[in-house]
Amino acid sequence: MNLRNVAIIAHVDHGKTTLVDQLLAQSGVFRANEAHAERAMDSNDQERERGITILAKCTSVLWNGKAGETRINIIDTPGHADFGGEVERILGMVDGCVLLVDAEEGVMPQTKFVLTKALKMGLRPILCINKVDRAHADPDKVHNAAFDLFAAIGATDEQLDFPHIYASGRAGWATLDLNQPSDNLGPLFDLIVDHVPAPKQVEAKDKPFQILNVLIESDPFLGRLLTGRIESGKAAPGMAIKALSRDGKTIEQGRITKVLAFRGLKRQPVDEAEAGDIVAIAGMSKATVADTLCALEVTEALPAQPIDPPTISMTVSVNDSPLAGREGDKVQSRVIRDRLLKEAEANVAIRVTETGGKDAFEVAGRGELQLGVLIENMRREGFELSISRPRVVYQIGENGERLEPIEDVVIDVDDEYTGVVIEKLSARKAELKDMGPSGAGKTRLTLKSPSRSLIGYQGEFLTDTRGSGVLNRVFSHYEPHKGAIEGRLKGVLVSNGDGETAAFALWNLEERGVMFVGAGEKTYQGMIIGENARWDDLDVNPMKAKALNNIRASGKDEAVRLTPPRRPSLEQAIAYIEEDELVEVTPKSIRLRKQTLNPSFRKKRVREDA
């Protein structure tokens, strides 16, 4: 049978997963009466809630087109820059890719990031201009911008001669010519079969078995599942194999217990899989990502793609607040350590190191969102944690100078808010590179900004643009340190005692600032209960109840009506805190607190211009 391995890569929210839905439906994966969820590939709870792809996933379809019956293995990849580590590994499993670009938004930072990786690996992408049925779509402009991007990145002449196709993933059609409408995705299937080469590994099916692990999962019945493309030989249950590390050392020996091939959305056991196919193998207990599974006579490991280093880190420690252990059942540092190391094993873009304190661990990743997803997963599993403010990972240059990560930032914002966005980011040491209209009354800003200056800016950005702005960012390179950047401009309201908050006290405190807690909630000394309207921190008493005596002021008592509290989400809380503050995360609550709970030992905020 003909075989094609292809990845779908794109910027976040350009329609990859929706397009894969239609590819599955039109290839006959679903029965006529079978119910299937929208964005079927987004199987993770957080993926469905956030509307983004977090984990790369493989599926397989059969297409009976001009070239006969062909099996196409399709890999849906994440679009957000924070999960770029997934994309980097996945591209080593495929022989071609479909680069999806929104016909209205055009080329974005992540488009450049994933395309750079694909071109570097020698892939010849197919350009699919998606959402051409949108009101402000401009396919020709996007096509030219994509060609310019290919040229700017350094594509070869062969890669520059890329085919392009127009599509509407939601409507389920694709066409090579907009003047010749289509009602299905047949032209896209045929283009993939014609343009993407068959796996060259097929020629090596008589050689010893070798497969490079790219993805790792845990199955309750089969144990560790290792997914990759068979580079040579054949895999069959019962076969004796060994695992080699990147430097060729033997990790373990064992037998294959199951070979699972991707058939539609399901993994099905097969009696044998040949070179070129993408499969999951069960039977090994220690092998992990970037290790090679191979026949016993093989001595050299397969080369693994290097992964870009982390740029953001945070300290994850045990929850030592007065309310610790009341809502979660996994609170010990040993349990937290095992969970973090398990995550680092499966996700090579995350790095975990133990700090000086035995109960704290430094977790480094690509961005706040990636770390936020990890913490949210742990929270749902019953963990209680204390999280520090994210900080950038510095490097030391050749001259001994300190280098910090710089990001490419693209912002689409309504024309009226352009001034305030430029003003705020310029104060944070960002440099404006380009500015121009993007249609529909919006302006597109292109900036170079230190990663430090974007930590905590997202919430302020949404407030400044009344929720209408879209900010996209991707790591670019390292540059010399830019100097001090002003952080949060307002102080916080800190509880000065333990107990339950009283409506009367909160009502009187509302004129001091914005509350993060409501009435009747447990609080403790050092817990942050609100944001001060001024720049300094203020210790307050949120438990003071109304005096129950018979002395009353003249006139009627005012009814206590509280403004609903502003409850920060996990990402908002992590971005909000300062260096001397922590986020307390439990399965039911997200609280902010000072690192030092005793007010006599706490550092007072000092404003430089005060």
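Heavy atoms only: backbone and side chains are in, while hydrogens, waters and symmetry mates are out.
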*asked:* One pair to check against salt bridge (charged side-chain N to carboxylate O under 4.0 Å, His left out): Lys442 and Asp412. What are the steps and the verdict?
replied: CA-CA 6 Å; Lys442 288 186 176 289; Asp412 285 312; over 6 Å; no
*Walk me through it: do Met239 and Glu272 pass the test side-chain contact (heavy atoms from CB on, under 4.5 Å)?*
CA-CA 10 Å; Met239 198 168 106; Glu272 187 178 78; over 6 Å; no
Decide whether [X] and [Y] meet the rule of one side-chain donor and one side-chain acceptor closer than 3.5 Å.
X      : Y      : result
Asp291 : Ser245 : no
Asn73  : Asn5   : yes
Ser451 : Glu407 : yes
Asp177 : Thr175 : no

*ring-ring contact (aromatic ring centres under 6.0 Å, His included) between His164 and Tyr166: does it pass, once the steps are laid out?*
CA-CA 7 Å; His164 69 279; Tyr166 306 100; 5.4 Å; yes
_From Lys131, Arg134, Lys141, residue fulfilling salt bridge (Lys or Arg N to Asp or Glu O under 4.0 Å) relative to Glu104_ = Arg134
*Measure the acute angle between the ring planes of Phe189 and Trp63, then classify it against the limits of 30° and 60° as parallel, tilted or perpendicular.*
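Phe189 and Trp63: parallel rings.
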*Report the C-alpha distance between Asp277 and Lys205 in whole Å, list the side-chain angles of each, state the deciding distance to 0.1 Å, and finish with yes or no for salt bridge (charged side-chain N to carboxylate O under 4.0 Å, His left out).*
CA-CA 11 Å; Asp277 203 0; Lys205 61 184 178 184; over 6 Å; no
_As a quick check of understanding, evaluate side-chain contact (heavy atoms from CB on, under 4.5 Å) for Glu252 and Ser285, giving each step before the final call._
CA-CA 8 Å; Glu252 62 173 329; Ser285 59; 3.2 Å; yes
*asked:* If the test is side chain to side chain contact (heavy atoms under 4.5 Å, CB included), which one of Val259, Leu222, Leu260, Thr257 qualifies with Pro269?
replied: Leu260
*asked:* Does Phe475 form a side-chain contact (heavy atoms from CB on, under 4.5 Å) with Arg366? I'd like the steps, not just the answer.
replied: CA-CA 8 Å; Phe475 169 73; Arg366 287 287 182 81; over 6 Å; no
*Are Ile281 and Lys258 side-chain neighbours, meaning at least one heavy-atom pair lies under 4.5 Å?*
no
*Between Glu217 and Arg267, is a salt bridge (charged side-chain N to carboxylate O under 4.0 Å, His left out) present by the stated rule, with each step listed?*
CA-CA 13 Å; Glu217 324 174 43; Arg267 274 191 298 240; 2.7 Å; yes
_Step-by-step side-chain contact (heavy atoms from CB on, under 4.5 Å) determination, Leu445 to Asp434_ = CA-CA 6 Å; Leu445 308 173; Asp434 190 28; over 6 Å; no
_Lys/Arg N to Asp/Glu carboxylate O, Glu297 vs Lys242, below 4.0 Å_ = no
